Amino acid sequence: MYHVVEERFREAIRRFLSERYQLDVPVALERPPRIELGELATPVCFELARRLRRAPRQIAQEIAAEIGPIEAVARVEVAGGGYMNAFLDRGPFLSLALDLSRRLAAEPPAGASKVIVEHTSINPNKAAHIGHLRNAVLGDAFVRLEHFSGRRVQVQNYIDNTGVQVADVVLGFLRLEKKSADEVRRMAEEPRFDYYCWDLYARVTQFLEEDKQRLEMRAATLKAIEEGHGAEAEMAEIISTAILRCHLRTMDRLGIRYDLLARESDILRLKFWEAAFRLMVDRGVITRAESGKYAGCWIMALGEAPVEEGEEAEAKVIVRSNGTVTYVGKDIAYQMWKFGLLGLDFHYQPFFRYADGHTVWTTAAERGEPDAPEFGHAREVYNVIDSRQAYLQNVVAAALRGLGFEDAAAHSIHFSYEMVALTPRCAGELGYELSEEDAKRPYVEVSGRRGFGVKADDLLDKLEAAARAEVDQRHPEDHEVTRAQIAREIAIGALRYFLLKYTRNTVIAFDFHDALSFEGETGPYVQYAIVRARNIFRKLAEQDAGFPAGRLDSLVSAEARANLLSGADGDEYWQLLLLAASLGSQVGAAAASQEPAFVAKFAFQLAQSFNNFYHRHHILSEADLVKKAFLLQLTALVERQLVAALALLGIDSPDKM
RNA sequence: GCGCCUGUAGCUCAGCUGGAUAGAGCGCUGGUCUCCGGAACCAGAGGUCGGGCGUUCGAAUCGCCCCAGGCGCACCA
């Protein structure tokens with residue numbers, strides 16, 4: 001609601017400046033520091049002062065006096081050295097805000113452009129850890145933001161089922177464990193198979209480091225998997241699919257779902273790479289190096305040609321001298337497919353059905369389901385990948401540009417974020433021995449390869465147990481199933497909020513103490529504010545069944561509303577209302593900058609304001625019926641906005657906790 | 001060596017395209033509660049916004065130079 005008025009004010013000033021002074025300057029808007037200064041402010045007169053060679057305050061006075069009425073704006077005043085502050089019509093603002101808050105987010109319009117968001121994409125060879133959770137939670141929140149903003153979104157999870165990481169675990173089963181494919185198949189049915197592989201993967205890493213000769217075993221395993229033959233390929237398929245199911249289960253605990261699982265093996269089988277390769281050769285994007293350190297490789301030139309003789313140009317190897325394709329090469333082909341630029345498509349089969357009926361599809365190399373949805377053909381692609389891969393993402397975009405797909409390159413967006421590390425203290429609690437040097441650092445990097453990190457399911461279990469203990473204490477009378485459900489919602493609220501409150505380019509130094517906290521700036525704090533608001537309405541219904549809680553609007557006349565908003569506590573109500581009504585602009589900013597943390601921040605601030613309001617006004621004992629209804633209106637508005645904000649973060653709002 | 005990112009209160013972090021006395025959580029100190037649930041509320045202490053120069057009417061925010069950290073720069077992914 002706030003952003004609507006914001007635009008009106010901006011437009012009115014812009015038009016006035018253009019008509020009166022024939023000037024076209026951008027009108028910056030901001031929030032005044034104190035409510036006595038109004039709700040909207042612009043420092044534009046400082047800019048005008050330079051152009052018109054007059055004092056800013058004088059210009060501001062002129063504009064304020066002559067600009068005339070603006071809808072929803074009660075008056076414009078001059079303040080400070082030349083600020084123009086707008087004061088809104090409070091009463092009408094409330095009715096509009098209430099109306100808007102009751103409207104549900106619309107389905108995307110028919111012609112809405114399609115957005116693909118790729119996230120999670122965990123190597124299917126071990127359990128998911130805390131770093132993977134940040135990726136999935138950020139990606140999922142962004143998907144929700146896009147959906148809320150009226151975009152058609154498709155969520156993809158890339159499955160690297162033919163890469164070295166899977167190869168390492170295959171090697172572990174074959175060489176270290178001496179298992180057959182059938183034995184692995186049986187083991188893969190165990191629920192904690194991903195945990196088993198987590199440890200095995202770390203053992204294999206050590207095994208390979210002990211003797212560099214053993215790296216040849218890995219190369220041979222990888223080759224067999226890529227070509228799809230032998231016990232290696234069979235095992236890779238069993239392992240990667242089983243672990244993928246573990247990952248889907250883990251993410252489902254958090255309410256994170258996918259539309260398509262894009263498997264690397266299918267990209268290979270369907271020869272996506274060959275098509276991309278031909279195109280890149282034809283258009284000169286990659287060339288074969290005949291000499292130098294890249295002799296025999298197909299390389300893509302990056303940056304400028306070398307200045308001095310004998311200096312190698314900056315380049316990225318796309319095809320190795322032994323003929324195998326690098327990861328980036330495959331990624332280029334995949335990215336082209338996402339935009340529908342490859343001229344090839346996968347087959348599709350249903351892979352898994354969630355409890356609510358939603359189906360995740362998987363790519364397939366052969367037979368597909370004829371009535372599968374359409375995948376790919378995106379207008380815009382967001383790849384949620386940590387910032388360490390920025391270089392490779394740039395290579396992919398550069399390849400698209402080189403191929404002449406300027407538009408696709410411009411809409412290939414690296415949704416980048418920093419890693420989750422562990423505080424040295426946390427690493428110690430987990431029983432890892434740190435070097436003296438590491439112990440002094442602010443954080444230490446997790447490493448799946450070394451089996452060093454916090455597993456996602458362990459963390460979720462811990463959070464649920466902690467939440468459960470609190471719930472048991474508060475609601476011993478409730479049924480076991482109810483308590484478990486509430487504890488789950490709180491645990492997820494705490495975890496998702498914790499991962500989303502930091503802006504993307506902040507390294508999260510993970511610590512159990514902070515992550516397990518339910519107080520202060522946390523998800524449960526916001527959930528609790530909602531519970532309080534709902535309790536008021538529940539209690540109201542119990543105490544006074546005749547109270548027309550469903551028709552509050554009819555109890556508070558426009559005049560009463562205006563009086564209450566300008567009366568003794570008017571500013572206080574007004575600030576709460578204003579904040580609640582700014583959900584839309586906050587979400588807009590979050591979506592535009594791909595920063596879900598803005599929504600988290602907003603939710604917390606609103607919850608904080610509401611808790612303060614709750615503390616100061618005892619609504620149910622309010623004797624003045626009109627005022628009571630008005631306070632209930634405010635409460636209902638805040639509750640709806642908080643629920644909406646949390647929903648965008650993927651957090652549920654319990655009725656009690 | 002080259003590139004990208006970061007440096008704001010004791011700790012962890014916000015601070016949008018430069019704007020009015022720099023904010024929050026945690027921790028610390030003190031207070032609130034015959035209450036719609038204290039997973040709460042209020043108050044206080046605590047900051048040369050890493051340093052310097054510059055641009056500007058105005059700089060935590062923009063530019064340059066230092067200092068200190070992190071991450072990239074594989075015929076790994």
Side-chain angles (χ1 to χ4, degrees), chain A residues 26 28 30 32-34 37 41-43 46-47 49-50 55-56 79-83 85 123 160 163-165 218 222 289 293-299 302-303 314 316-324 326-328 330-331 386-392 394 416 418-419 421 423 441-443 445 467 470-471 474-475 490 494 501-503 505-509 511 513-514 517-522 524-525 527-529 531-540 543 585-586 589-590 592-593 595 597-598 600-601 604-605 608 611-622 635 656-657:
Chain A
E30 57 188 75
R34 295 184 308 280
L37 295 170
T42 175
F46 296 108
E47 175 65 23
R50 188 207 323 249
Y83 281 95
N85 297 344
N123 268 296
D160 187 2
V164 271
Q165 295 211 19
R218 173 200 268 170
L222 185 59
K293 66 173 169 178
Y294 297 132
C297 298
W298 286 90
I299 58 172
L302 294 169
E314 203 188 328
K316 176 72 196 164
V317 172
I318 305 295
V319 181
R320 304 185 187 101
S321 54
N322 69 0
T324 57
T326 59
Y327 169 78
V328 209
K330 288 179 252 184
D331 218 28
D386 81 71
S387 61
R388 286 172 292 190
Q389 296 198 43
Y391 169 69
L392 295 174
N394 285 337
S416 140
E418 275 289 352
M419 63 183 171
T423 60
R441 293 169 186 256
Y443 52 79
E445 208 170 326
E470 294 285 331
V471 174
R474 284 158 218 247
H475 304 288
I490 294 170
K501 73 175 179 179
Y502 299 95
T503 48
N505 64 2
T506 299
V507 176
I508 298 180
D511 197 310
H513 177 262
D514 296 333
S517 169
F518 299 150
E519 293 170 11
E521 194 184 347
T522 65
Y525 175 95
Q527 289 174 316
Y528 186 66
V531 167
R532 282 179 143 180
R534 288 179 173 171
N535 268 346
I536 296 174
F537 284 96
R538 192 170 44 76
K539 262 294 190 344
L540 178 71
Q543 287 176 2
S585 42
Q586 298 288 335
S593 52
E595 196 64 272
F598 292 174
K601 213 78 190 172
F604 174 68
Q605 279 170 355
Q608 207 175 26
N611 271 333
N612 178 271
F613 166 84
Y614 176 93
H615 187 80
R616 290 170 52 100
H617 306 281
H618 198 265
I619 298 174
L620 292 184
S621 59
E622 175 58 54
T635 302
K656 59 156 78 169
M657 61 187 276

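On a predicted model such as this, the values are computed, not experimentally measured, just so you know. All chains are named by letter (A, B, ...) in the order of the sequence lines, taking the proteins before the strands, and each is independently numbered beginning at 1.
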I need the CD-P distance between A/E30 and B/G18, as an integer number of Å.
11 Å
Is A/Y502 near enough to B/U6 that one of its side-chain N or O atoms lies under 4.0 angstrom from OP1 or OP2?
no
Atom CD of A/Q389 to atom P of B/C73: distance rounded to whole Å?
9 Å
Could you state the atom-to-atom distance from CD of A/E519 to C1' of B/U12 in whole Å?
16 Å
Applying side-chain contact (heavy atoms from CB on, under 4.5 Å), name anything that partners A/R50, two or more places apart in sequence or on another chain.
A/E47
Would you mind reading off the distance between A/N611 atom CG and B/G25 atom P, rounded to a whole angstrom?
12 Å
Write down the distance between CD1 (A/I318) and P (B/C75), rounded to a whole number of angstrom.
11 Å
Report yes if the side chains of A/D511 and A/Y443 come closer than 4.5 Å at any heavy-atom pair, otherwise no.
no
Presence of donor-acceptor pair under 3.5 Å, side chain of A/R474 and base of B/A39
yes
Side chains of A/N611 and A/Y528 only: does a donor on one sit below 3.5 Å from an acceptor on the other?
no
Stems in RNA chain B, runs of 3 or more consecutive Watson-Crick or G-U wobble pairs with both distances under 3.5 Å, sorted by first number, are B:1-7 with B:67-73, B:10-13 with B:23-26, B:28-32 with B:40-44, B:50-54 with B:62-66
Euclidean distance, atom OH of residue A/Y614 to atom P of B/C36 [Å, nearest integer]
8 Å
Between A/E418 and A/Y502, is any pair of side-chain heavy atoms under 4.5 Å apart?
no
In this structure, how many angstroms lie between the C1' atom of B/G15 and the NZ atom of A/K501, rounded?
16 Å
Nearest nucleotide by nearest heavy atom, which residue falls closer to the 5' end of RNA chain B, A/C297 or A/R616?
A/R616
Using the closest heavy atom to pick a nucleotide of RNA chain B for each, name whichever of A/A589 or A/F613 lands nearer the 5' end.
A/A589
